[in-house]
Every structure is written in structure tokens, then in C-alpha cells.
Amino acid sequence: MNRIDRRFRELRAAGRALVPYLTAGDPDPALTVTLMHALVEAGADLIELGVPFSDPMADGPVIQAACERALANGMTLRRTLELVARFRERDAGTPVVLMGYLNPIEAMGYEAFAHAAAEAGADAALTVDMPPEEGAGLGAALHAHGLHAVYLLAPTTTEARARRICEAAGGFVYYVSLKGVTGAASLDTAEVARRVAAIRRVTELPIGVGFGIRDGASAARVARIADAVIVGSALVRRIAEAGPAGAEAAARSLVGELRAAMDEAVARGAAGAG
Amino acid sequence: MASIPEPAAPGASLPDAAGHFGRFGGRFVAETLMAPLEALTAAYERYLRDPEFLAELDRDLAHYVGRPTPLYHAERWSRRLGGARIYLKREDLTHTGAHKINNTVGQALLARRMGKTRVIAETGAGQHGVATATVAARLGMRCVVYMGEVDVERQQINVYRMRLLGAEVVPVRSGSRTLKDALNEALRDWVTNVDDTFYVIGTVAGPHPYPAMVRDFQAVIGREARRQILEAEGRLPDALVACVGGGSNAIGLFHPFLADREVALWGVEGAGEGIETGRHAAPLCAGRSGVLHGNRTYLLQDADGQILETHSISAGLDYPGVGPEHAWLKESGRARYVAVTDEEALEAFHDLTRTEGILPALESSHALAWAMRLARELGRDGLIVVNLSGRGDKDVHTVARREGIRL
């Protein structure tokens, strides 16, 4: 069974998944595996590992800068997979979702990528600029190696499209909570709740919500609505501000804060329901 | 003047419904943009069949843009080269001085029909930015133009022109700070402001329907040229020559001739300092297939799929990708793609200026340089049409600096 499916099955009764995002190789390739373990110890349930790309069109300034730093450090798709393999030496259970853009995967070849990603111990790929209409080839290659293709849903996605996307998706679906790039303005919780409820009508897959979550308060609000809370730019910014020496402590501190806020929100929700 | 190009040859009916030209093209964007692209496709398909829209477009092309543009027999230049007769399609004589306006007039009318109040654009040399700011001023729309910081510095006159026209010019400081990064930033703006904003893409690249839509707005060049050369010479030309950055002036000239198999189609890329130096802008000649900015096409990229920086004396050719229809025309063999260096383009720039009194854009000078070579090969019975896609006034500073002259 894919680690993502197992993890969501474990969580379904107990709580919500916290999914932090890191750009591989930022601020330093030697730190990435250390940071991944620190995230798990501080309460992460899944990790999204960003594959740096020269032209990250869907990302805001924080993750753009992280991509530029990672590329300047010599990071590539192959080296990202090597980092996943090193993470797996000490962590066999935490799912890793590779998040990035299609061209590096095209350059490697779908089959070669899916094979290498599975060997390294990755569990899924989320390719931001590949809608399911163009995704059959990569989806088949991933599937053949036991990996999921994770897809985005957006505020502009119609119900008919949502149905089609969820059919192509595996592991979970990622609802982009606002019109904009990563790290943009804060989210509208009531609107997100409406949209998540609509997505639940078309799929049984777990639903993650990302974009616009930056602190314990916003994570807690989303934890009441969705199965997974995804935090990217806020974490990448903290790590960048802390610098290589303080990166690990900064990551632990933010993820710990998010974890505590989410658990409290879920416990309170359960108590309220009871 | 009908504005819908008739499907004239197998392939002329491309793209398919999903925007594919063979294995190229398509729609590779983040999910948020899928719905607005579908809405744009529906509007584009509807209005390009709407007689009222087409009449308005034709009126604007005639009275605002200044069409039809002449097809000029460069007699003295042809004689001097001692080969084929060369005709120049004078897109440099349009309002704002380049073919870009054909497309921005069309897209702005479409934006208004769709109820959008704000237009955004990316620009490299500034020609497409100026053409977008121009139509936005005329229609009273808000206009934001994204331009790489490097280009803002080297194209200050066009930046000021856009500001005079009421546009906001936003310098882009990410990545290589050139055209590709301006495109990234425009996509980020669009994803954030999809409700009221129309993204006016300047070339035949991007996600479907842009490559097809921009081609259809630019195909007026080839329709006129075909009619004009038949009137002037009583036969079709042996060859068409056009420069290719993203490729909109080339597709505009080529498309109405696709079914005319006897007409050779030559696209000319920027070889910069030479293909062998790696400092060039020639993805069709020296790149590989990949996915960028919403479509699958030829790209300049490294082994890891990271996009490379490009080099050309001409800012309008300084782009690591190319329209997907060109990628398809290359693979199908219908068109051939070559590259000429900065030096060769400059030589053609001077040669035409001195013999015909026409100052060509540095982009167009690449096409002229290839035509010089082709004219000799074809000999006196040969007949060539070159797309003179823009005027060279904007490049006077670049040429002067290159020759060590301070203005």
C-alpha cells in the first residue's frame, strides 16, 4: 500500500494531516534531509518536497527565491531524488510528495522518472503545470510504479472538471484556497469550507488545503474543514530568514506551533460535537 | 476582407480541440487558469465567426493600424545582390511600427466583448508592450506591462512610450530578468486577477488558445501578401522568409501559404554569437522538446530541464522557446528553420538601409540576412517575399553602441 493511503487511513479517526513544504536544496542541499527529519519530529504527517525549477510560474516571490537558491546550489531532479533516498534511510513511514513543474520530468522521461522516484522512496508527484488533460502518460508511468499523481483543484474549477480531476488523482487532492500564487493573501475560511464540501460530494479522496496558511490560527481554521493542512511559503520564509545555522530550529518552531493549533482545533471540534 | 483563414491544407486545420499541433502545443498551466482559458477559447471561437466582430476588426485594421501594408519590390537591393527579386511585406509601416499591433487590436476587441476592464502583457523589446498600451489607451482599459529589469534598462524609450500611453510598466526582478521572466510574472498576475483581467500574449506561444488565436489575428499579413504578389508577379513566390522569436510574424506570413507546396517557408532564428558558442536564441535549430509557459515546444534547456538564458542582439528574438506550430512545421518538414548571427543581421540592417532607405528592425534584419543568401542561390528567376516585421528606429541606440558611437 502506498504510504500516503496508509497515513490518511491512520489519521482519519485521530486527526488532520499537517503537510509542510520544503524546496529541495534550499538553503543548502546538505541541510534538506536534516530539515525533513526535523519536520517529522515536530509533527508533520507528510512532506511535500519541492523540485526546483528555473521558471516557477505558479509560485510567489518566497518560493521563487527558494528555487533560485537551490539551483544556485546545484540542485537537480536527480539530486532531489537522492535526498529522498537518504531521508528514507531513517524514516520508512512518512510519505513524500514531489512537487514541481513538468519540464524537469519531461527531460528525464516519464518512465525513467517514475522508476527513479519509486526506487528513492517517493510516494507521489504533484506537477503544478500539468492538468489531467495532459497527464495520462505521466499518470500511467507513476501508477505502474505504485506512485500517485496528486492534482490541484482551484476556486475556478467547475464541478464537472472537479469530477474528472478526482478520477485521475490518487492519494489526496490539493485544493488551492485562493486565486493567486503561493504565499499570497490570507484565505476566506467560509468560502473554503463551501468548496471543500462540494469536492467531498465528488470524491472519497482526502482533501488537502493549501495557499494562504501562515500561522497557527489559519492552520486551525483549515483543520476544522479539510483532511490535510499544507504550509509552504510561510515555512520557506522562516527558514530563509533564520539562515542555514538557524533553519532547523525555525522549522521546528513553526511546525510545532501549527501542530498544536491544529490538534487543539480538532479536539475542541470533537468535544463540541460530543 | 474575410478575417478567418480558410483551412487550406492538411495541418492548416490544426490545432485540434485540445490545442495540439501534432505532439506540440496543448495547455500546461496551473488549475486556476484552466477555466479562464476555456472561457477565452469559447469567446475566441464565437467571435472569429461573428460578422459584426469581424467587421469591427477589419475597420480597425484599415483605419487605425493602416492596412493593407504595401508589398514593396526592393528593386535596387535585389539588383545589387544579383539574384532573385525580393519583395518586402511592409509591416514596419503599421501604426506603432511593427506587426504586433495586428494582434493587440484583435485581442483588445475580444477583451472588451468579454467584459474585461484590465489588460496585462509581457514584453521584451517593448514592441508588444507598446502595441498593448496603445490599444488599451484607445479603449480606455487599465493596462499593466511586465518587463524584465534588464530589458527595462536597455529599452528606456519604449518604457517611456508605454508610460505616456497610460500603462503601468512593472520591472521584473526574478530569474534572468528578461522576457521569459516577464511572462512568468504576467501569468502570476493573471492567476491572481482572473475575474477582471485579460492577458494579451504577444506571440504564438502560451497555452491553447493563444497560439491559434494570435496566428489567426496575424494571418492578415499572409493573406494580403499572397494577393499582392499574385497581382504584382502573376505567380506565387519561391520562398517566404521571416524571423522567428516566438514566431508570430512568421506564422502570420506562412499560414495562408501552407497549402501552396511549391512555396518554401524559411524561419530565421537568432544565432547570437554563433550556435557553437552556446550564446544564441535558436531553440528550433539547437534546442529540445519540453514544456514551458503553457505549451510543449522546442526549448533551450539544460540536461535537467532547467530553462537556459538566451543571447541575441535583437531583444525581440531573445526567448528560449518558440510557438508550438513552428515546432510542428519543423517536424512535418513543411517549413525549414535556420539561424543567422548578430553580425550577419547587422550587415543586412546596413545593407537595406543604404540601398533602399528603409531602416529595418534588428529582428527583421535576421530574415533579410537569410534572404540575401537565398537570393543568390535562387538566381535571377527566383522570387522571394520577406516579412519586414518592424521598423528599426527602436534599435538605433543598440546599433550605435555596438559600433562604439555615443549618441
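Here is the naming used below: chain letters follow the sequence lines, and residue numbers restart at 1 for every chain.
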Criterion side-chain contact (heavy atoms from CB on, under 4.5 Å) on A:E133 and B:R27, from CA distance to verdict: CA-CA 8 Å; A:E133 285 87 341; B:R27 200 181 261 164; over 6 Å; no

Measuring heavy-atom distances to chain A, does [X] have an atom under 4.5 Å in its side chain, in its backbone, in both, or in neither?
X      : value
B:R288 : side chain
B:V194 : side chain
B:L299 : side chain
B:N193 : neither
B:A186 : neither

Donor + acceptor pair across side chains of A:T157, B:E31 (<3.5 Å): yes

Between A:E134 and B:H20: side-chain donor-acceptor atoms closer than 3.5 Å: yes

Full working for side-chain contact (heavy atoms from CB on, under 4.5 Å) between B:V191 and A:M57: CA-CA 10 Å; B:V191 90; A:M57 290 149 279; over 6 Å; no

Find the one option among [options] whose heavy-atom pairs under 4.5 Å with chain B are most numerous.
options                       : value
A:I105, A:T156, A:N103, A:L71 : A:N103
A:Q64, A:M108, A:R78          : A:Q64
A:A154, A:S54, A:C67, A:P132  : A:S54
A:P52, A:P131, A:A65          : A:P131

Atom [atom1] of [X]: over 12 foreign heavy atoms under 6.0 Å:
X      : atom1 : result
B:E273 : CD    : yes
A:E159 : CD    : no
A:H115 : NE2   : no
A:E204 : CD    : no

Side chain / backbone / both / neither for [X] at chain B, heavy atoms under 4.5 Å:
X      : answer
A:L153 : backbone
A:P56  : both
A:L77  : both

Shortest non-hydrogen contact from [X] toward [Y]:
X      : Y      : result
A:A107 : B:D304 : CB-C, 4.0 Å
A:V181 : B:T192 : N-OG1, 4.1 Å
B:G305 : A:F53  : O-CE1, 3.3 Å

Short N-O contact, A:D59 and B:R188, less than 4.0 angstrom: no

Spacing of A:D55 atom CG and B:Q306 atom CD [to the nearest 0.5 Å]: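 Atom-to-atom, A:D55:CG and B:Q306:CD are 8.5 Å apart.
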
Residue selection (most heavy-atom pairs with chain A, distance under 4.5 Å) from B:D181, B:D195, B:D302: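 Sorted descending by pairs with chain A, the first entry is B:D195.
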
Heavy-atom side-chain contact between A:R161 and B:E38 under 4.5 Å: yes

